[in-house]
Amino acid sequence: MAEEAGMFMVNQTIGSVLCCKCGIPMVPNAANMCVKCLRSEVDITEGLQKHVIIVHCPECDTYLQPPRTWIKAQLESKELLTFCVKRLKNLNKVTLAHAEFIWTEPHSKRIKVKLKVRKEVLNGAVLEQSYIVEFVQQEHMCESCTRVQANPDQWIAAVQLRQHVTHRRTFFYLEQMILKHGAAATAIKIKQMDQGIDFFFSNRSHGVKFVEFIGKVAPVRSRHDKQLVSHDIKSNNYNYKYTFSVEISPVCREDLICLPPKVAVSLGNLGPLVICTKVTNSIALLDPLTLRHCYLDADQYWRSSFKSLLTSRQLVEYIILDVEIVKPEISLGGYTLADAQVARVSDFGRNDTIFNIRTHLGHLLNPGDQALGYDLYAANSNDMELDKYRGLVLPDAILVKKSYEEKRQRKRGKPRSWKLKSLNMEIDDRINKGDLEKTNTEYEQFLKDLEENPDMRFNISLYRNKEYQPSEIASTVDGEDLPSIPLEEMLADLDLSEDEDGDSHME
């Protein structure tokens, strides 16, 4: 503005002063000393670590992050640089400006990192200084590599987890529970069998602890046995191998059950046709016609040990023609009683068969929706418990849950925004390829159940999927009323390459 007004401007120049120690001209600063003299007076790296010992596993090329976390990182990688910087103590006293590797021989077991730090010193002057930190590698195998190197035949306790059903949905859920609580962290080997999973431990106490954990999350019964391996006559020492046989209840979530008369009477004349809504260490049963519900613990179940009348693999798809709430005030456990008019999807274009039924899903269903249920009208049931109820009139159909399959067809093949971790299991050689394809289909159904049921996700750790890239078009077209998992329920998987603090200080 001064130039536009025609005013005379004086060019400003930065003056120089003489250093108070060596007398050379320099740019003025708060200490009135040049950089060389300032460094000779003050050492900002004093008290910072110059030598650090790190633990390295030579088998899997991982580094120990105390107390028990092992991080995989290659030499001169961004992950290793972040790990090394985080191992330094008292680094918060200075500001880290730059960090880089100095090349060393790979077999030298030495990692050298050059750090450039800044700190405010005399009279507010900011000094920048570089120094080298030497990291010495100590070779020590991690726990997983130690187990691999050990003889797998030297297990002491084996836990045989079994469930006599035609699917593996229960084991998918138990796998996530085991991962979240670290129940199988001490297992030497995990092997997937035909109707279950085998866990091998190097100590009997580890096997007992694992059996106790399974008993807290599923209705089970167990028995154990031991086999003599060796006996030292002189010291009177006995070596045994222990085997724990754990059987999980065959009743699963969404199964239709016909309660035995004695059990129904003990539960206050519940049912006798009930739906299993949840399975933990107890079984939650719901009467879909009256909304009465109860819980059976493991001891109560195994005393009667009834089986399911129909399982989730026999669900039939229905379309809802009309829904009428019986009484709006009758709502128990999140369910609402309603009268519905339904028809089988497979009957469309063939006949005009329509069923008038009562359902507990009045809060979810609307005309035009699709639901999954059991077709008792065409079912040929051969259940001994059902024959004991003389004169019992069965409903034509019992709906179990709302179906979103038609809406999922639009998103078929697209990745999910979340993922699950899995146990490191060996697969039994006797399992053929057909069973593996069936397992993959059941696992996909398990993922859909997690999206639809928030109660199932409560005890499961979900992780964000890095490969997922949201699309604005897909979110507006495909996301209408489709159940999904909110972002706040997902956990960020541990990855040092995404550490924001580390990236902001390193180049």
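- Put simply, the residue from Leu291, Leu286, Asp287 that forms a side chain to side chain contact (heavy atoms under 4.5 Å, CB included) with Leu289 is Asp287.
- Partner Leu273 forms a side chain to side chain contact (heavy atoms under 4.5 Å, CB included) with one of Ile257, Ile398, Leu310 and no other, that one being Ile398.
- Residues passing the ring pair (Phe, Tyr, Trp, His ring centres under 6.0 Å) test with His167, sequence neighbours excluded: none.
- For Glu452 (side chain) and Asp449 (main-chain N/O), no donor-acceptor pair under 3.5 Å exists by modelled atom type.
- Under the 4.0 Å criterion applied to side-chain N and carboxylate O atoms, Asp255 and Lys307 are not assigned as salt-bridge partners.
- Residues Phe83 and Ile54 have side chains in contact (heavy-atom distance under 4.5 Å, counting atoms from C-beta outward).
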Check your understanding: Should Phe135 and Cys84 be marked as a side-chain contact (heavy atoms from CB on, under 4.5 Å) after you check the CA-CA gap, both sets of side-chain angles, and the distance that decides it?
Key -> CA-CA 8 Å; Phe135 296 87; Cys84 292; 3.6 Å; yes
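- In this structure, the separation between NZ on Lys448 and CD on Gln445 is 5.5 Å, given to the nearest 0.5 Å.
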Review point. Would Tyr173 and Phe446 satisfy ring-ring contact (aromatic ring centres under 6.0 Å, His included), going step by step from the backbone distance to the final call?
Key: CA-CA 8 Å; Tyr173 180 76; Phe446 171 70; 7.0 Å; no
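- For the pair Asp297 (side chain) and Gln300 (backbone), a donor-acceptor distance under 3.5 Å is present.
- Aromatic ring centres of His224 and Tyr242: separated by at least 6.0 Å.
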Exercise for review: Decide side-chain hydrogen bond (donor to acceptor under 3.5 Å, both in side chains) for Ser230 and Asn239; before the verdict, give the C-alpha distance in whole Å, the side-chain angles of both, and the deciding distance to 0.1 Å.
Suggested key: CA-CA 5 Å; Ser230 62; Asn239 294 325; 2.8 Å; yes
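- Atom CD1 of Ile190 and atom CD1 of Ile427 lie 13.0 Å apart (nearest 0.5 Å).
- At most 12 non-hydrogen atoms from other residues, nucleotides or ligands lie less than 6.0 angstrom from CD of Glu324.
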Practice item. Verify salt bridge (Lys or Arg N to Asp or Glu O under 4.0 Å) between Arg168 and Glu442, making sure each step is shown before the conclusion. Key: CA-CA 7 Å; Arg168 299 187 64 87; Glu442 292 172 352; 6.0 Å; no
Exercise for review: Before giving the answer on side-chain contact (heavy atoms from CB on, under 4.5 Å), spell out for Asn281 and Lys216 the whole-Å C-alpha distance, their side-chain angles and the decisive distance to 0.1 Å.
Suggested key: CA-CA 5 Å; Asn281 56 349; Lys216 294 178 181 178; 5.5 Å; no
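- Residues that satisfy the salt bridge (charged side-chain N to carboxylate O under 4.0 Å, His left out) test with Asp322, not counting sequence neighbours, are absent from this structure.
- Each of Pro260, Ser249, Cys258 was scored for a side chain to side chain contact (heavy atoms under 4.5 Å, CB included) with Phe306, with one residue passing: Pro260.
- Taking 4.5 Å as the limit, every side-chain heavy atom of Asp375 sits out of range of all side-chain heavy atoms of Asp396.
- Figure legend: cation-pi geometry between Lys421 and Tyr463, with NZ or CZ positioned under 6.0 Å from the six-membered ring centre and within 45° of its axis.
- Each of Arg221, Arg223, Arg162 was compared with Glu247 under the side chain to side chain donor-acceptor pair (under 3.5 Å) criterion, and only Arg221 meets it.
- Cation-pi geometry between Lys226 and Tyr240 is satisfied (NZ or CZ under 6.0 Å from the ring centre, within 45° of the ring normal).
- Between the side chains of Glu254 and Ser312, no donor-acceptor pair of N or O atoms lies under 3.5 Å.
- Around CG of Asn424, the count of heavy atoms belonging to other residues, nucleotides or ligands within 6.0 Å does not exceed 12.
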Exercise for review: Assess whether side-chain contact (heavy atoms from CB on, under 4.5 Å) is satisfied between Asp232 and Tyr238, documenting all intermediate values.
Suggested key: CA-CA 7 Å; Asp232 189 353; Tyr238 294 83; over 6 Å; no
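- Side-chain contact between Asp198 and Met425: absent, with no pair of heavy atoms (C-beta onward) separated by less than 4.5 Å.
- Atoms OG1 and CZ, from Thr439 and Arg169 in turn, are 13.5 Å apart once rounded to the nearest 0.5 Å.
- Side chains of Asn459 and Gln176 form no contact here, defined as non-hydrogen atoms less than 4.5 Å apart.
- To the nearest 0.5 angstrom, His293 atom NE2 is 10.5 Å from Leu285 atom CG.
- Between Ile357 and Ala397, the shortest heavy-atom contact is CG2-O, 3.7 Å.
- Both tests hold for Lys189 against Phe200: distance to the six-membered ring centre under 6.0 Å, angle to the ring axis within 45°.
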Practice item. Give the C-alpha distance, both sets of side-chain angles, the deciding distance and a yes or no for side-chain hydrogen bond (donor to acceptor under 3.5 Å, both in side chains) between Ser245 and Gln160. Key: CA-CA 5 Å; Ser245 177; Gln160 299 173 348; 4.8 Å; no
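- One distance of note links SG of Cys294 with CG of Leu270; it measures 4.5 Å at 0.5 Å rounding.
- Side-chain contact between Val52 and Val136 is absent, with no heavy atoms from C-beta onward closer than 4.5 Å.
- In this structure, the side chains of Val159 and Phe201 come closer than 4.5 Å at one or more pairs of heavy atoms.
- The residue from Phe171, Phe210, Trp155 that alone fulfils the ring-ring contact (aromatic ring centres under 6.0 Å, His included) condition with Phe199 is Phe210.
- With salt bridges taken as basic N to acidic carboxylate O contacts below 4.0 Å, none links Lys278 and Asp455.
- Judged by distance alone, the side chain of Thr82 and the main-chain N or O of Lys78 form a donor-acceptor pair under 3.5 Å.
- Between Leu420 and Ile460 the shortest side-chain heavy-atom distance falls below 4.5 Å.
- Atom-to-atom distance recorded for Lys72:NZ and Cys60:SG is 6.0 Å, nearest 0.5 angstrom.
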Check your understanding: Yes or no on side-chain contact (heavy atoms from CB on, under 4.5 Å) for Val342 and Leu399, after CA distance, side-chain angles and deciding distance?
Key -> CA-CA 10 Å; Val342 300; Leu399 301 183; 4.2 Å; yes
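- When atom types are taken as modelled, the side chain of Ser77 and the backbone of Leu80 share a donor-acceptor pair closer than 3.5 angstrom.
- You'll find the side chain of Val345 stays beyond 4.5 Å of the side chain of Val316, heavy atoms only.
- Side-chain contact, His164 with Gln195: a donor N or O sits under 3.5 Å from an acceptor N or O.
- Taking the charged nitrogens against the carboxylate oxygens, Lys109 and Glu139 do have a contact shorter than 4.0 Å, which makes a salt bridge.
- At least one donor-acceptor pair closer than 3.5 Å links the side chain of Arg457 to the backbone N or O of Leu450.
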Check your understanding: Passes salt bridge (Lys or Arg N to Asp or Glu O under 4.0 Å), Lys402 versus Asp369? Steps please.
Key -> CA-CA 8 Å; Lys402 187 176 179 179; Asp369 290 343; 3.4 Å; yes
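- At most 12 non-hydrogen atoms from other residues, nucleotides or ligands lie less than 6.0 angstrom from NZ of Lys262.
- Using modelled atom types, no side-chain atom of Glu444 and backbone atom of Thr441 make a donor-acceptor pair closer than 3.5 Å.
- Remark: side-chain polar atoms of Arg344 are not paired, donor with acceptor, to backbone N or O of Ile354 under 3.5 angstrom.
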